[in-house]
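Heads up, the thing below is written out as structure tokens.
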Amino acid sequence: QVQLTESGGDSVQAGGSLRLSCVVSGSTDKNYCVGWFRQVPGKEREGVATVYRGDDVTDYVIYHNDSMKDRFTIAQDNAKNSLSLQMNSLKPEDTAMYYCAAGHPFTFRGDLCGPAGATRFQYWGQGTQVTVSS
């Protein structure tokens, strides 16, 4: 069983920054996909960025949205088995519940852990709320 614990959500004003963290614990596979998703009420869970973690490929990062790629940075700390999401220049439309997710490795359109949607991930954290006011 894999446990994911997010932290770092907060309320900020537009233009501000936040750093979300996710600690991955439990029985993970040697190689797996991990990443960040977000969701607002009434909408589908949206991918932010995903990373392939394995001993064969390093730092294989996929950003799911060009507008977020310019402002958000996903990073992993293998020693601490954690994942972070640095979010800069936040906008009110970034307001959402942010989730950390992990799952078995997959390839989507040639990319490891590509933007195939939330259903490819088996394990989820409880989420951390990010609210951006104008």
Stepwise, does the ring-ring contact (aromatic ring centres under 6.0 Å, His included) test hold for Tyr123 with Tyr32?
CA-CA 11 Å; Tyr123 306 103; Tyr32 60 95; 9.1 Å; no
Mind checking the [atom1]-[atom2] spacing from [X] to [Y]? Nearest 0.5 Å is all I need.
| X | Y | atom1 | atom2 | value |
| --- | --- | --- | --- | --- |
| Tyr99 | Gln126 | OH | CD | 8.0 Å |
| Ile62 | Arg109 | CD1 | CZ | 12.0 Å |
| Ser134 | Lys91 | OG | NZ | 13.5 Å |
| Phe121 | Cys113 | CZ | SG | 6.0 Å |
| Tyr52 | Gln76 | OH | CD | 11.0 Å |
| Gln122 | Gln1 | CD | CD | 11.0 Å |

[X] to [Y] - nearest heavy-atom pair and separation:
| X | Y | result |
| --- | --- | --- |
| Pro92 | Ser133 | CG-C, 4.5 Å |
| Val40 | Thr95 | CG1-O, 3.0 Å |
| Val34 | Cys100 | CG2-SG, 4.3 Å |
| His64 | Gly114 | CE1-O, 4.2 Å |

Same apolar cluster: [X] and [Y], side chain cutoff 4.5 Å:
| X | Y | result |
| --- | --- | --- |
| Leu83 | Met97 | no |
| Tyr98 | Met68 | yes |
| Phe72 | Trp36 | yes |

With side-chain contact (heavy atoms from CB on, under 4.5 Å) as the criterion, how do Leu18 and Leu90 come out once you've worked through the C-alpha distance, each side chain's angles and the decisive distance to 0.1 Å?
CA-CA 8 Å; Leu18 282 175; Leu90 283 162; 4.1 Å; yes
Please report the C-alpha distance between Arg71 and Gln86 in whole Å, then the side-chain angles of each, then the deciding distance to 0.1 Å, and finally whether the side-chain contact (heavy atoms from CB on, under 4.5 Å) criterion is met.
CA-CA 8 Å; Arg71 301 181 292 119; Gln86 178 66 42; over 6 Å; no
Are more than 12 heavy atoms, taken from residues, nucleotides or ligands other than Gln3, located less than 6.0 Å from that residue's CD atom?
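Yes, CD of Gln3 has more than 12 neighbouring heavy atoms, counting only those of other groups under 6.0 Å.
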Checking Met87 against Leu20 for the side-chain contact (heavy atoms from CB on, under 4.5 Å) test, could you report, in this order, the C-alpha distance in whole Å, the side-chain angles of both residues, the deciding distance, and whether it holds?
CA-CA 8 Å; Met87 304 186 295; Leu20 306 183; 3.8 Å; yes
Check whether any side-chain heavy atom of [X] lies under 4.5 Å from a side-chain heavy atom of [Y], and answer yes or no.
| X | Y | result |
| --- | --- | --- |
| Ile74 | Tyr63 | yes |
| Thr128 | Ser7 | no |
| Arg53 | Asn31 | no |
| Val24 | Cys22 | yes |

Kindly determine whether Trp124 and Phe37 satisfy ring-ring contact (aromatic ring centres under 6.0 Å, His included), including the steps that lead there.
CA-CA 10 Å; Trp124 293 87; Phe37 289 76; 5.1 Å; yes
Polar contact flag, side-chain donor to acceptor under 3.5 angstrom, Asn65-Arg38
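Side chains of Asn65 and Arg38: no pair found under 3.5 Å.
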Residues Ser82 and Asp77: side-chain donor-acceptor under 3.5 angstrom
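On atom types as modelled, these side chains do not qualify, holding no pair under 3.5 Å.
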Leu85/Val48 under side-chain contact (heavy atoms from CB on, under 4.5 Å): CA gap, chis, key distance, verdict:
CA-CA 9 Å; Leu85 182 68; Val48 176; 4.1 Å; yes
